[in-house]
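Report on one structure; see the data block that follows.
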Amino acid sequence: MITSAFILLALYIVTTILNIFPTSTGLPASVDTAVSTIGGYVGMFDPIFPTGTMATIIGLIIVFELAIFAFKGFKWIFSYLPFIGGK
Amino acid sequence: MPVIPKLPLKEKIFSILSLLSVIFILSLLAFSPTVSYGATYSEGFDTLSTGNLVGQDTWANVSGGSIVVTATSTNTSSPNALAKPNDTGGTQKRAIPASDLGLFEAQVYLSNNNDTGTIGSASISVGTSTNPQLGIFSIRTDGNVRAINSLGTVLASSTVATAGWNTMKITWTYTTSLVFSMYINDVLLHTYTSGITGDIDTIGITFGNSTPYFLVMDDFLVQTDADVPVPDYTSRIDSMTYATSTNEVFVEGYWNYHEPEDSNVDELKIYQTDVLGVTNIVTYTATSSGAFSFTYEYNGIATTASSSVTLAYDIDVTAELSRLDLNYYDPFGTEGLDPTGSLYKTLIQKETITIGAETYDGNLDVRDIEGIYNLPEYACSLTELTGCLKNAFVWLFYPTQQASQGFENLKETLPSKFPFAYAYDFKNIMTALYTTTQTEDLSISYEFAGLGTLTLISEEMLSAVPYASFIKTILGYILWFIFSVTMYRRTLKLFDHNTTTQ
């Protein structure tokens with residue numbers, strides 16, 4: 001009951017915020033082409049350069065930075081909550 | 001050189017844990033493997049898929065009377081559910097001449113074999129109450145036997161005192177072939193293996209008096225009272241079987257109902273024993289004498305799972321058939337001071353089956369923990385107060401399916417919303433990039449007008465570099481090292497309140 005209440009409350013808040021954002025129609029097709037072209041040239045170096053490792057590291061960095069961004073976003077929202085937010 | 005943050009240790013730990021939590025959740029949402037959850041499991045004949053569809057059909061051994069077939073359809077694209085044998089839809093009735101003793105088939109199915117839809121309802125009956133006939137009913141979908149009802153009546157001579165019979169039944173099982181078992185008074189009269197395998201639809205109506213079904217009829221003919229077997233009225237458990245696909249245990253047997261002045265009551269108690277101890281206790285009490293058949297749902301792996309999952313522990317399901325004496329109080333019995341369970345109890349029979357290390361169809365994800373344990377319910381009584389306490393804590397802290405389903409919904413919503421969708425789209429592009437097989441020889445070249453092409457660098461050239469694989473490995477280590485150092489410095493900067501750039 002208690003755990004469910006917390007989870008559902010958190011989900012309700014996150015879903016409400018998400019619903020404010022517009023629905024995406026996807027990235028432009030040119031981005032796909034660009035990435036494929038770059039990937040092709042980078043892939044050429046795969047015999048001697050660990051392109052897979054590099055992609056993994058870039059992915060981790062993106063996740064890390066997104067996490068920081070989200071963390072700061074939550075902190076910013078939290079700061080405006082009455083009584084407990086501090087503003 | 002990064003500045004070491006001057007924060008209290010508690011705040012540092014809190015901040016790091018918070019950051020890790022956010023990373024974990026984002027990783028889970030963005031990069032977790034696709035899982036299936038809450039998939040609909042459909043039981044029964046009435047939901048059909050595209051193919052050669054047969055909703056319900058029956059073979060009936062009939063001597064006089066009629067076969068009545070009714071069907072309705074909720075299929076909007078092809079609303080005509082047909083009822084054979086006359087193939088014109090709706091309710092059909094076929095008169096059977098008294099001389100025409102044999103096998104008949106009736107079917108209910110959609111009007112077009114390639115339609116997809118739902119037959120709203122269908123029923124098939126043979127004979128009347130004054131002229132009972134033997135009906136063998138089977139329910140099938142797409143040519144496969146799904147279930148066979150244990151319905152039927154017996155052809156008996158008018159000189160036989162059928163009113164004294166306790167029960168009559170026919171059961172069918174379809175494993176390697178169709179097997180018929182016939183009972184009167186719960187005494188097995190005969191088991192007949194038909195030899196019919198595969199798609200029964202290919203056998204159908206062409207059978208006549210010489211079919212195996214007719215032999216069944218011969219074995220079932222009761223001509224005198226002496227043919228009626230002596231029933232066994234002792235309380236007992238006849239069988240316990242289980243189905244891992246539905247998490248069910250089937251308990252069958254016979255018990256007796258005693259009039260109140262007799263002061264005895266038969267009771268069947270079913271429970272499961274696993275890593276959580278004794279849980280999920282269900283108790284039934286006889287209200288009339290006769291055969292009983294109970295379906296007990298045990299807590300196992302979620303039946304919605306859809307690829308191989310192994311049960312991590314054994315589950316023992318036990319059925320105890322006891323007789324309670326209403327006149328005697330037993331404060332030292334297993335139920336102790338529980339006023340409803342402290343009657344003097346005599347165990348008649350105890351049977352246990354073990355369900356363990358079974359392979360299920362399903363994807364195991366973190367939410368299947370709910371399926372594994374469901375909501376465990378512990379025995380709760382005056383002597384088992386810890387069980388009551390456990391139940392209270394389970395109710396308080398156990399997340400519900402609605403809560404876990406919320407994560408699934410969030411996971412579906414997030415990739416559709418700007419700007420998060422861009423991250424998912426980019427991830428898909430990258431995934432496609434690394435899963436697409438490259439066939440052409442990649443190169444960077446420069447074409448001189450009239451002088452040919454100069455290849456500056458190509459994949460082939462790079463592959464020919466001495467120690468290419470070794471160099472690649474070393475570069476991989478270097479990349480990870482640079483990444484580690486970068487992340488370390490970046491993390492320190494996060495908590496450095498003396499700098500403005502974070």
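Below, chains carry the letters A, B, ... as their sequence lines are ordered, and counting in each starts from 1.
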Per-residue tally against chain B (heavy atom, under 4.5 Å) across A:Leu27, A:Thr23, A:Ile7 peaks at A:Leu27
Please tell me whether B:Phe483 and B:Trp480 form a close aromatic pair, meaning their ring centres lie under 6.0 Å apart. yes
Proximity breakdown for A:Phe45 and chain B, heavy-atom pairs closer than 4.5 Å: both
Please assess A:Ile68 against B:Arg490 for the test side-chain contact (heavy atoms from CB on, under 4.5 Å), listing each intermediate value before the final yes or no. CA-CA 11 Å; A:Ile68 293 169; B:Arg490 181 78 179 90; 3.9 Å; yes
Which distance, rounded to the nearest 0.5 Å, do you find between the CG of B:Leu462 and the CD1 of A:Ile48? 6.0 Å
Which atoms of A:Ile2 approach chain B - backbone, side chain, both or neither, heavy atom under 4.5 Å: both
Which bit of A:Thr25 comes within less than 4.5 Å of chain B, counting heavy atoms only: side chain, backbone, both or neither? neither
So which residue, B:Ala423, B:Ala421, B:Ser469, B:Ser463, ends up with the most heavy-atom pairs under 4.5 Å with chain A? B:Ser463
Which portion of B:Phe420 sits near chain A, non-hydrogen atoms under 4.5 angstrom: side chain
Nearest-0.5 Å distance, OG1 of residue B:Thr413 to CG of residue A:Asn19: 7.0 Å
Winner by heavy-atom pair count (cut-off under 4.5 Å) against chain B, out of A:Thr15, A:Thr53, A:Ile62: A:Thr53
Turns out that what part of A:Ile57 lies under 4.5 Å from chain B's heavy atoms comes down to both
Taking A:Asp32 for the side chain and B:Asp425 for the main chain, is one N or O donor matched with an acceptor at less than 3.5 Å? no
Please check if atom OH in B:Tyr422 has more than 12 non-hydrogen atoms from other residues, nucleotides or ligands closer than 6.0 Å. yes
